[in-house]
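Order of the sequence lines fixes the chain letters, A, B, ..., with proteins taken first and strands second; residue numbering starts at 1 for each chain.
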There are 2 protein chains.
Amino acid sequence: MADNKVVLKKEQVELIEELANVNERLGQQPAMSKVLGLLAVSDNPELTFDEIKDTLELSKSAVSQALNQLLMSKKISYKTKIGDRKRYFHLRIADWDTHILEQFEGVSSLIRVYEKVIAIRTTETKEFNENLKKMADFLTLVHNQVMTLHQKIVQEKK
Amino acid sequence: MADNKVVLKKEQVELIEELANVNERLGQQPAMSKVLGLLAVSDNPELTFDEIKDTLELSKSAVSQALNQLLMSKKISYKTKIGDRKRYFHLRIADWDTHILEQFEGVSSLIRVYEKVIAIRTTETKEFNENLKKMADFLTLVHNQVMTLHQKIVQEKK
DNA sequence: TTTTTAGTTCACAAAAAAAAGAACTAAAAT
DNA sequence: ATTTTAGTTCTTTTTTTTGTGAACTAAAAA
């Protein structure tokens, strides 16, 4: 029944909330978003189940589900310490580039759908179709530039 | 009580649903997303209230709310025809670049929050902080490139 | 002047998403 | 052997989101 709440300054709490909000807008679920925020802001980047639960004031089951989904989507991982049964959860921050590219997957979907729309549209609406095409082309350009930048990162890592 | 349903081929219906799904993942509400899909795919890009309502099989109030929100967020506009009281709603497709930039606002928020996180983090966690910084720098680079590309579009339009 | 059209507004219902709680489990500690 | 720890799983409850329906409005038509 001990309280494992992590001590946080007010500004840290505020940032966790802000981070959670941004993550929610990017389509992540609330509890997962809060966990991501906490793990990014906490001075100690490795927190136990109970520290997360007590700091975020969530139920065990909410924390369990959030952690497991984050583990499955490879946003977090955990360490164990000898002589200690607890797991220490942390962001997989070194894989930040993969996470960002996953977010950009949304742009790819958008491009694919718009290409399909362009393909089946009537040719009657010339200006409309031209604008759709310009938009799809712009998105493709952005997508390619992001991929190029990412390749540079990958090279640097090696 | 007339049925104003727009005639659509099966592939058009499927694309409307796909577009609606992508838009929902980008944070738009379901009814709004469907309206955007219909207006992008329909051969006639200018549809009346009742055509939208009957084609999407939504209630008057759902359509009314969706259209008004889309008008307010400037995703759509409408025309009137003389001797006709109906409004003809259409995508503001010529403003596609503005709409895309609005979506990219999410990236800016993300950068701003991560910069704040970096600013208040303990200096104890060197590698963690360096990775955060690299991520924020990458996002900033992407953001700048998108802005540069957009400037070119704006120039071309003039 | 009354009726119809083209919507709007708002209280409520339905559905979906999120969180909680309680019972359970497997391994470790006592 | 039984108790505790560190969670998991499943059902239920709560909250939030989305959509509906009925009453309303303002302008135009009959």
Side-chain angles (χ1 to χ4, degrees), chain A residues 1-6 16-17 20-21 23-39 46-73 76-90, chain B residues 1-6 16-17 20-21 23-39 46-73 76-90:
Chain A
M1 278 285 140
D3 187 38
N4 296 299
K5 198 179 291 199
V6 172
I16 290 170
E17 284 161 5
N21 286 326
N23 277 311
E24 280 186 52
R25 270 199 285 144
L26 293 173
Q28 304 260 28
Q29 291 160 1
M32 278 169 58
S33 300
K34 281 175 199 143
V35 172
L36 290 176
L38 174 59
L39 291 177
E46 297 176 0
L47 301 179
T48 65
F49 189 100
D50 281 322
E51 285 174 328
I52 294 168
K53 168 180 164 293
D54 292 339
T55 309
L56 298 178
E57 295 176 40
L58 288 169
S59 65
K60 278 179 104 173
S61 80
V63 172
S64 177
Q65 308 232 45
L67 289 176
N68 283 316
Q69 288 184 78
L70 289 170
L71 284 168
M72 279 193 294
S73 59
I76 66 170
S77 182
Y78 63 84
K79 288 180 184 167
T80 49
K81 302 188 182 182
I82 43 170
D84 185 346
R85 293 168 66 186
K86 292 193 272 304
R87 290 186 282 173
Y88 291 82
F89 296 95
H90 58 85
Chain B
M1 279 284 140
D3 187 40
N4 295 63
K5 195 178 293 198
V6 172
I16 290 170
E17 284 160 5
N21 286 327
N23 277 311
E24 278 185 53
R25 269 199 286 145
L26 293 174
Q28 303 261 27
Q29 292 161 358
M32 277 169 59
S33 300
K34 281 176 199 143
V35 172
L36 290 176
L38 174 58
L39 291 177
E46 298 176 0
L47 301 179
T48 65
F49 189 99
D50 282 322
E51 284 174 329
I52 294 168
K53 169 180 164 292
D54 292 340
T55 308
L56 297 177
E57 294 176 41
L58 288 169
S59 65
K60 278 179 105 172
S61 80
V63 172
S64 177
Q65 308 231 44
L67 288 176
N68 282 317
Q69 287 185 80
L70 289 171
L71 284 168
M72 279 193 294
S73 58
I76 66 169
S77 181
Y78 62 83
K79 288 179 184 167
T80 49
K81 302 188 182 181
I82 41 170
D84 185 346
R85 293 168 67 187
K86 292 192 272 306
R87 291 186 283 173
Y88 291 81
F89 297 94
H90 59 84

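- Nucleotides of DNA chain D with any atom under 4.0 Å from a heavy atom of chain A span, from 5' to 3', D:dT4 to D:dC10.
- For the pair A:Asp84 CG and C:dA29 C1', the computed distance is 13 Å after rounding to whole Å.
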Sequence neighbours excluded and cut-off under 3.5 Å, please list the side-chain donor-acceptor pairs for residues 58-66 of chain A, or say none.
unit_1, atom_1, unit_2, atom_2, d
A:Ser59, OG, A:Ala62, N, 3.2

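- Distance check, rounded to the nearest 0.5 Å: NZ of B:Lys34 to CG of B:Leu39 gives 14.0 Å.
- In terms of the side chain to side chain contact (heavy atoms under 4.5 Å, CB included) criterion, residue partners of A:Gln29 (sequence neighbours excluded) are, by chain and number, A:Met32, A:Gln69.
- Between atom CG of residue B:Leu71 and atom OH of residue B:Tyr78 there is a gap of 7.0 Å, rounded to the nearest 0.5 Å.
- Here the shortest heavy-atom pairing between A:Ile52 and A:Leu38 reads CA-CD2, 4.0 Å.
- Comparing the start and finish of the helix from C:dT1-D:dA30 to C:dT30-D:dA1, five pairs each, the helix axis swings through 20°, to the nearest 10 degrees.
- Mapped onto DNA chain C by nearest heavy atom, B:Ser64 and A:Arg85 fall at different nucleotides, with B:Ser64 at the one closer to the 5' end.
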Check: protein-nucleotides 13-20 of chain C nitrogen or oxygen pairs below 3.5 Å:
unit_1, atom_1, unit_2, atom_2, d
C:dA19, OP2, A:Ala31, N, 3.3
C:dA20, OP2, A:Ser59, N, 2.8
C:dA20, OP2, A:Ser59, OG, 3.2
C:dA20, N7, A:Ser61, OG, 2.8

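- A distance of 5.0 Å separates CG of B:Asp54 from CG of B:Asn4, quoted to the nearest 0.5 Å.
- Taking every heavy atom of both residues into account, A:Thr80 and A:Arg87 meet most closely at CG2-CG, 4.2 Å.
- What you find for B:Gln28 and B:Ser33 is that their closest heavy atoms are CB-OG, 3.4 Å.
- Remark: A:Thr48 pairs with A:Asp50, A:Glu51, A:Lys86, A:Tyr88 by the side chain to side chain contact (heavy atoms under 4.5 Å, CB included) rule, at least two apart or across chains.
- If you take CG on B:Asn21 and CD1 on B:Ile16, they are separated by 12.0 Å, rounding to the nearest 0.5 Å.
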